[in-house]
There are 2 protein chains.
Amino acid sequence: MNKKKEAAGDAALKTISEPALKRLPLYHQYLKKVHSTGMQDISCTRIAEELNLTPILVRKDIAYTSIQGKPKTGYSVEALITAIEDFLGWKNTNEALLVGAGNLGNALLGYRQFNEYGLSIIAAFDSDKAKVGTTVHGKKVFDIDRFENITQRLKIKIGIITVSADSAQEVSDMMVRSGITAILNFTPVKISVPDGVTVQQVNLASSIAILIRSIE
Amino acid sequence: MNKKKEAAGDAALKTISEPALKRLPLYHQYLKKVHSTGMQDISCTRIAEELNLTPILVRKDIAYTSIQGKPKTGYSVEALITAIEDFLGWKNTNEALLVGAGNLGNALLGYRQFNEYGLSIIAAFDSDKAKVGTTVHGKKVFDIDRFENITQRLKIKIGIITVSADSAQEVSDMMVRSGITAILNFTPVKISVPDGVTVQQVNLASSIAILIRSIE
DNA sequence: TAGATTGTTAATCGATTAACAATC
DNA sequence: TAGATTGTTAATCGATTAACAATC
């Protein structure tokens with residue numbers, strides 16, 4: 001598992017671990033719920049209880065965002081929400097391109113929640129001429145041949161792969177060639193990328209494996 | 001994080017760790033590719049190289065399936081594929097019901113790969129009367145009111161949640177009430193379930209958080 | 001003040017890796 | 001036989017948890 005090299009940045013800050021980074025969106029989602037009830041402050045204990053974690057873990061995770069809590073009262077809900085959003089880069093939108101306008105690809109093109117996570121899919125690509133030129137959820141589907149050109153012109157860094165398993169590596173290679181450095185891969189294939197490119201695998205097979213095992 | 005209690009079974013067998021369990025489908029996918037090239041045997045070293053893991057880790061993971069390798073030659077590709085499928089319960093199909101026939105739900109209803117993972121979504125449910133009665137990718141959409149009844153009658157154990165965030169917990173409660181013991185949750189909400197119920201969270205927000213961080 | 005809660009340093013626990021003997 | 005590879009036992013490493021001092 002190729003650990004991505006730390007993006008330097010503030011050298012004083014310890015780099016956050018992947019598990020911790022993955023928990024921050026969970027806190028955010030819960031805090032927004034809490035905020036809507038009008039609560040002003042919240043403690044780690046409360047968050048931990050709600051999310052089935054330990055208070056110490058929550059406190060350490062929150063510390064990464066450099067927010068300071070107040071003993072006895074905890075953290076300002078509003079400030080904490082903002083701190084997490086800042087830390088995760090949700091304030092500025094990051095543009096992404098999707099390759100593979102099939103079933104799943106189309107669904108993702110219409111998945112509004114992405115915007116809340118600072119991600120905006122601006123267009124799709126497919127090799128199927130029948131799909132090229134169509135519009136899915138307000139987003140245009142381009143010919144795959146134009147991917148490299150468009151990516152470079154718009155300086156897009158994030159690519160989403162929703163093609164079939166057997167062309168996943170090929171599409172990944174094309175993305176890397178085009179300057180993409182972050183890939184969200186929905187195929188069950190482990191794709192190989194050079195150093196400096198980050199891949200997140202959304203592996204439904206793995207999740208299902210755990211579910212099935214639990215019922216047998 | 002509530003560790004699920006070990007499903008007893010063969011007491012001699014060490015229970016597999018979650019990370020290991022999640023890697024097995026990756027091996028399977030790669031092995032099928034290898035098998036299609038006609039290769040007879042394969043070594044851990046080869047698998048590890050291909051998937052960016054260490055050979056020792058691969059060997060330990062494979063050991064869970066109780067297959068035996070031969071020094072010098074490695075494992076029979078075919079036998080290994082079968083062993084993993086057996087271990088993951090992919091031989092017999094597990095039926096699932098999906099709640100929330102929106103964008104994402106519909107895409108999942110048409111996602112053929114699920115069958116390869118031993119999962120078959122047999123029907124969908126929605127509270128939107130306009131959707132009730134329609135057919136999506138050959139699967140019927142029922143009124144949510146009928147969920148409990150149908151689940152119990154067919155003794156379904158797996159539920160998939162693709163509703164909006166704010167009704168996720170409600171749907172989860174309903175599933176648990178109906179006898180569902182394994183839930184695949186696509187909402188960004190951490191749902192609370194009683195002991196004995198396994199939840200797998202497909203958290204796109206977390207994956208995106210890692211990607212965005214890598215490019216900033 | 002007393003007590004709840006934060007923040008930090010030390011201990012634990014589990015997964016991964018290393019070392020090495022066994023074997024085809 | 002020699003060497004590659006498996007399988008197992010020990011060492012390492014990193015994340016989580018515990019302990020405790022600081023503070024509002």
Side-chain angles (χ1 to χ4, degrees), chain A residues 1-6 12-24 26-27 31 34 39-77 79-80 83-84 87 206 209-210, chain B residues 1-6 12-24 26-27 31 34 39-77 79-80 83-84 87 206 209-210:
Chain A
M1 229 132 261
N2 59 333
K3 310 272 165 228
K4 57 228 64 65
K5 37 234 51 153
E6 135 178 22
L13 242 52
K14 262 186 289 185
T15 25
I16 188 167
S17 73
E18 194 161 315
L21 186 50
K22 288 197 165 188
R23 280 187 298 265
L24 287 177
L26 277 180
Y27 301 152
L31 289 166
V34 166
M39 208 189 281
Q40 294 284 313
D41 300 286
I42 191 150
S43 70
C44 287
T45 321
R46 189 83 196 75
I47 298 176
E49 253 169 32
E50 193 69 24
L51 302 178
N52 280 116
L53 303 166
T54 64
I56 311 124
L57 186 63
V58 174
R59 216 172 297 139
K60 282 209 160 164
D61 289 347
I62 286 175
Y64 283 115
T65 69
S66 330
I67 199 179
Q68 277 226 327
K70 276 205 282 283
K72 180 121 167 128
T73 50
Y75 304 85
S76 148
V77 175
L80 190 45
I84 293 177
F87 187 82
S206 295
I210 294 189
Chain B
M1 233 133 257
N2 58 333
K3 311 269 166 235
K4 59 228 62 63
K5 37 234 53 158
E6 134 180 22
L13 244 51
K14 263 187 287 184
T15 25
I16 188 166
S17 72
E18 194 161 313
L21 187 49
K22 287 196 166 190
R23 280 188 298 266
L24 287 178
L26 278 179
Y27 302 153
L31 289 166
V34 166
M39 208 189 278
Q40 294 286 312
D41 300 287
I42 191 152
S43 71
C44 288
T45 321
R46 189 81 196 77
I47 298 176
E49 254 168 32
E50 193 69 24
L51 302 177
N52 280 115
L53 303 166
T54 63
I56 310 124
L57 186 64
V58 174
R59 216 171 298 138
K60 280 210 161 165
D61 289 348
I62 286 176
Y64 282 114
T65 69
S66 330
I67 199 179
Q68 277 225 327
K70 274 204 283 283
K72 180 120 167 132
T73 50
Y75 303 86
S76 148
V77 175
L80 190 45
I84 292 177
F87 187 81
S206 295
I210 295 188

What is the distance, rounded to the nearest whole Å, between atom CG of A:D61 and atom P of D:dG14? 18 Å
In B/S/- notation (B base, S sugar-phosphate only, - none; protein heavy atoms under 4.0 Å), nucleotides 18-24 of chain D written 5' to 3' is B----BB
How many angstroms lie between atom CG of A:L21 and atom CD1 of B:I210, to the nearest 0.5 angstrom? 5.0 Å
Tell me, which stems hold DNA chain C, with a stem being 3 or more Watson-Crick or G-U pairs in a row and both distances under 3.5 Å? C:3-24 with D:3-24
Check side chain to side chain contact (heavy atoms under 4.5 Å, CB included) between B:P71 and all other residues, then give those that pass, not counting sequence neighbours. none
Spacing of A:L80 atom CG and A:L31 atom CG [to the nearest 0.5 Å]: 4.5 Å
Ignoring backbone atoms, establish whether B:Y75 has a side-chain N or O less than 4.0 Å from OP1 or OP2 of D:dG7. yes
Would you please name every residue forming a side chain to side chain donor-acceptor pair (under 3.5 Å) with B:Y27, sequence neighbours left out? B:D61
Any A:R23 side-chain nitrogen or oxygen under 4.0 Å from OP1 or OP2 of D:dT16: yes
Interatomic distance, B:L57 CG vs D:dC13 C1' [rounded to whole Å]: 14 Å
Return the value, rounded to whole Å, for the distance between atom CG of B:L53 and atom C1' of C:dA15. 13 Å
Can you tell me which residue pairs pass the salt bridge (charged side-chain N to carboxylate O under 4.0 Å, His left out) test with a partner in residues 43-58 of chain B, sequence neighbours excluded? B:R46-B:E49, B:R46-B:E50
When rounded to whole Å, the CG to P distance for the pair B:L80 and D:dG7 reads 11 Å
Measure from the side chain of B:P19, starting at C-beta and using heavy atoms only, and say which of C:dA15, C:dT17, D:dT17 lies closest. C:dA15
Spatial distance of atom CG (B:N52) from atom CD1 (B:I47) [nearest 0.5 Å]: 13.5 Å
Show your working on side chain to side chain contact (heavy atoms under 4.5 Å, CB included) between A:I16 and A:F87 and close with a plain yes or no. CA-CA 11 Å; A:I16 188 167; A:F87 187 82; 3.8 Å; yes
Atom pair OG1/CD1 of B:T54 and B:I56 - distance to nearest 0.5 Å: 4.5 Å
Partner residues of A:A83 under the side chain to side chain contact (heavy atoms under 4.5 Å, CB included) criterion, sequence neighbours left out: A:T65, A:I67
Atom-to-atom span, OH of A:Y64 to C1' of C:dT8 - whole angstrom: 13 Å
Tell me: NZ of B:K22 to P of C:dT16, nearest whole Å? 12 Å
In whole angstrom, give the distance that lies between atom CD of A:E18 and atom P of D:dT16. 11 Å
Report the distance from atom CD of A:E49 to atom C1' of C:dA4, rounded to the nearest whole Å. 14 Å
